[in-house]
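Structure record follows, encoded as structure tokens.
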Amino acid sequence: MLKKTMAVALAGLMSVSAFPLQVSAEESGDKVDITIMCAYASEDPHGQYVYEYADKFMEENPNVNIEIQAISSNDIYTKLAAMVTSPDDLPTLFFTSADQAPTLYDLGLMDDLNNYLDEETLGTFANGVTEACTLDDTLAFYPIDVQPLAMLYRTDRFEEAGLDVPTTWDEFLECAKALTKDSDGDGEIDQWGFSMVGSNNSSGQSRFMSYLWSNGCNCVSYDEDSETWKADLGDNILDLVSFWTDMNNEYGVVPTGITEVDYATAANYFSMGYTSMMLTGSNAIGVAYANNPELKGKIGSFPIPGEHSGTMLNAEGYALCSYAEEEEKKAAVDFLKFFTNNDSELMFWQSSGKIPATVEGQKAEYITGEDYKGYLETIEAGCIPPVNFAGISGLKSLLGDAYAAVFSEESTNEEAVETLEEELDTLLEDYN
């Protein structure tokens with residue numbers, strides 16, 4: 001049984017080759033070709049294991065050929081949307097996550113994995129995981145990991161400065177101010193409190209949206225009576241946008257050149273000690289330790305400040321393309337099962353800092369320390385339900401345009417909010 005096999009494998013009591021997965025090929029003997037459009041493969045240090053797992057699978061299943069197409073997660077959705085007009089070029093599997101899945105699902109790209117997974121397999125996933133991958137009763141993608149957002153921080157610097165873990169955004173700002181300093185005495189700030197992702201792309205937009213959620217701003221909400229989506233920015237949206245942009249424009253607690261600071265840059269700033277806090281998924285832990293092993297024992301995490309949950313469970317994984325041939329789909333599903341149970345050391349997850357999507361994986365020793373504490377507390381407290389708004393990509397773009405316009409001083413906060421409200425109304429009118 002898969003559940004039993006996974007548990008035993010994770011305990012290191014059986015080799016991964018004990019039960020090779022066999023995939024039937026066509027009677028002609030032709031290979032079954034699987035293409036995987038993969039954001040994981042483009043990332044370090046864990047991308048190497050995607051290739052390693054694929055190679056292992058092909059060794060045990062010589063009738064299957066797997067081609068990995070590495071692509072940035074910020075580009076994958078645009079590329080897939082453009083490929084809908086030429087479905088023959090679409091991959092068999094493609095990376096997706098809970099915040100982007102509704103858009104791709106609305107394009108008809110995702111097959112229902114409920115048709116390919118039995119109850120035993122579904123039962124291996126941790127509480128809430130399959131729900132985070134489900135849209136309209138369709139299991140839209142196969143969960144590999146969960147990535148709730150939380151705040152990473154330098155425990156040693158908090159201790160040195162006599163700071164307590166903040167529970168509100170006002171407290172967070174005071175911590176960020178205290179941790180922003182001229183560390184070498186040359187008259188120039190060289191250490192900042194907050195490693196903000198200020199680039200106007202999916203990474204920056206998602207973090208800003210989580211900040212809004214944590215303050216009770218839903219952005220959009222579904223009206224059952226009219227069966228339409230409506231704007232739900234709240235009465236204090238100007239204050240919220242101003243607080244976020246003031247961390248750069250007024251208080252200077254984030255690194256300079258903020259509009260160019262993407263996720264990779266922000267993670268590197270944190271790992272190299274230029275910043276002391278970062279709003280991120282746990283994958284940044286893997287980046288930090290890979291770039292600076294001396295940080296082990298000096299990193300902790302805490303839930304996003306605010307009275308409301310600021311994050312979905314943020315499951316990530318692979319969707320099965322609805323345009324693929326049936327033989328390809330079956331082979332692809334077998335590879336997905338193999339991916340999650342072939343490595344007793346969980347090296348993909350350990351090296352990346354990602355939290356496994358399975359019950360047994362979440363018992364792994366590497367996620368029991370202070371560095372993962374805030375993420376596990378966030379999961380235990382409950383994340384917000386998946387936002388099944390198919391226009392979420394457009395919504396995120398509008399949010400990104402708002403803060404980017406203020407950061408670049410093209411707009412005031414008032415002008416940016418006015419534009420956001422107007423364009424959101426237009427987006428919802430077009431969508432509904």
Side-chain angles (χ1 to χ4, degrees), residues 43 72-75 78 99-100 147 149-154 166 169 172-173 175-177 179-181 188-215 217 219 237-281 283-284 287-288 291 304-306 310-311 314 392-417 419-420 423:
E43 299 170 345
S72 166
S73 59
N74 288 322
D75 299 330
T78 302
D99 66 332
Q100 291 290 348
Q147 284 276 74
L149 294 184
M151 200 71 69
L152 279 187
Y153 75 108
R154 288 286 298 270
W169 280 102
F172 175 85
L173 178 58
C175 289
K177 290 178 180 178
L179 294 166
T180 299
K181 63 171 90 173
E188 299 287 338
I189 298 295
D190 54 18
Q191 181 179 301
W192 294 268
F194 182 30
S195 207
M196 177 188 283
V197 178
S199 57
N200 187 6
N201 59 19
S202 181
S203 294
Q205 296 157 8
S206 295
R207 285 162 172 78
F208 180 58
M209 187 161 60
S210 288
Y211 155 75
L212 295 177
W213 286 341
S214 71
N215 283 286
C217 175
C219 299
I237 183 62
L238 176 58
D239 291 338
L240 295 178
V241 173
S242 298
F243 182 94
W244 189 260
T245 57
D246 283 352
M247 284 194 278
N248 174 74
N249 294 21
E250 181 174 347
Y251 300 116
V253 298
V254 302
T256 55
I258 189 61
T259 58
E260 302 301 319
V261 179
D262 57 11
Y263 162 74
T265 303
N268 284 329
Y269 281 166
F270 182 82
S271 65
M272 299 311 295
Y274 299 136
T275 56
S276 298
M277 293 185 289
M278 181 178 179
L279 176 58
T280 184
N283 53 313
V287 174
N291 290 343
I304 299 175
T311 181
N314 284 334
I392 195 168
S393 293
L395 167 63
K396 290 170 63 177
S397 293
L398 298 182
L399 295 175
D401 290 344
Y403 66 69
V406 180
F407 283 152
S408 61
E409 299 184 346
E410 296 175 4
S411 299
T412 64
N413 283 302
E414 290 80 4
E415 291 169 340
V417 168
T419 300
L420 170 62
E423 294 188 350

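All of these numbers come straight from a predicted model, not from anything done at the bench.
- Of the possible donor and acceptor atoms, one in the side chain of Tyr403 sits under 3.5 Å from a partner among the backbone N and O of Gln205.
- The structure places CE of Met277 at 14.5 Å from CH2 of Trp192, a figure rounded to the nearest 0.5 Å.
- With rounding to the nearest 0.5 angstrom, the CD1 atom of Ile237 is 6.0 Å from the CG atom of Leu420.
- Between Ser203 and Asp262 there is no side-chain heavy-atom pair separated by less than 4.5 Å.
- Tyr211 places a side-chain N or O within 3.5 Å of a backbone atom of Leu240 that can act as its donor or acceptor partner.
- In this structure, Gln100 and Ser202 approach most closely via the heavy-atom pair NE2-OG, 3.5 Å.
- Asp401 and Thr419 share no side-chain donor-acceptor pair at under 3.5 Å.
- Note that the OH atom of Tyr251 and the OG1 atom of Thr180 stand 12.5 Å from one another [nearest 0.5 Å].
- Remark: Leu149 CG to Met151 CE distance equals 9.0 Å, nearest 0.5 Å.
- With contacts defined as side-chain heavy-atom distances shorter than 4.5 Å, the pair Asn249/Asn413 does not qualify.
- Of all the heavy atoms in Leu279 and Phe194, the pair that sits closest is N-CE1, 3.7 Å.
- Pairing each heavy atom of Ile392 with each of Met209, the nearest pair is CD1-CE, 4.1 Å.
- Between Pro305 and Pro166, the closest heavy-atom pair is CG-O, 4.4 Å.
- Here the side chains of Tyr263 and Asn283 are in contact, with some heavy-atom distance below 4.5 Å.
- Between Trp244 and Phe208, the ring-plane angle classifies as tilted under the 30° and 60° cut-offs.
- Ring geometry for Phe172 against Trp169 counts as perpendicular: the plane angle is over 60°, on a 0 to 90° scale with 30° as the lower cut.
- Thr275 places none of its side-chain heavy atoms less than 4.5 Å from the side chain of Val254.
- Note that CE of Met247 is 7.5 Å distant from CZ of Phe407, once rounded to the nearest 0.5 Å.
- Met196 places none of its side-chain heavy atoms less than 4.5 Å from the side chain of Val261.
- Looking at Asp239 and Ser242, their side chains never bring a donor and an acceptor atom within 3.5 Å of each other.
- Distance alone, capped at 3.5 Å, places no donor-acceptor pair between the Ser210 side chain and the Thr311 backbone.
- Atom CD of Glu250 has more than 12 neighbouring heavy atoms from other residues, nucleotides or ligands inside a 6.0 Å radius.
- Residue Phe270 comes nearest to Ser195 through the heavy atom pair N-OG, 4.1 Å, listed as atom of the first residue, atom of the second, then distance.
- Judged by distance alone, with hydrogens and angles left aside, the side-chain atoms of Arg207 form no donor-acceptor pair with the main-chain N or O of Val197 at under 3.5 Å.
- The CD atom of Glu423 sits 11.5 Å away from atom CG of Leu395, with the distance rounded to the nearest 0.5 Å.
- When atom types are taken as modelled, the side chain of Ser271 and the backbone of Ala288 share no donor-acceptor pair closer than 3.5 angstrom.
- Nearest heavy-atom pair across Lys396 and Asp99 is NZ-OD2, 2.8 Å.
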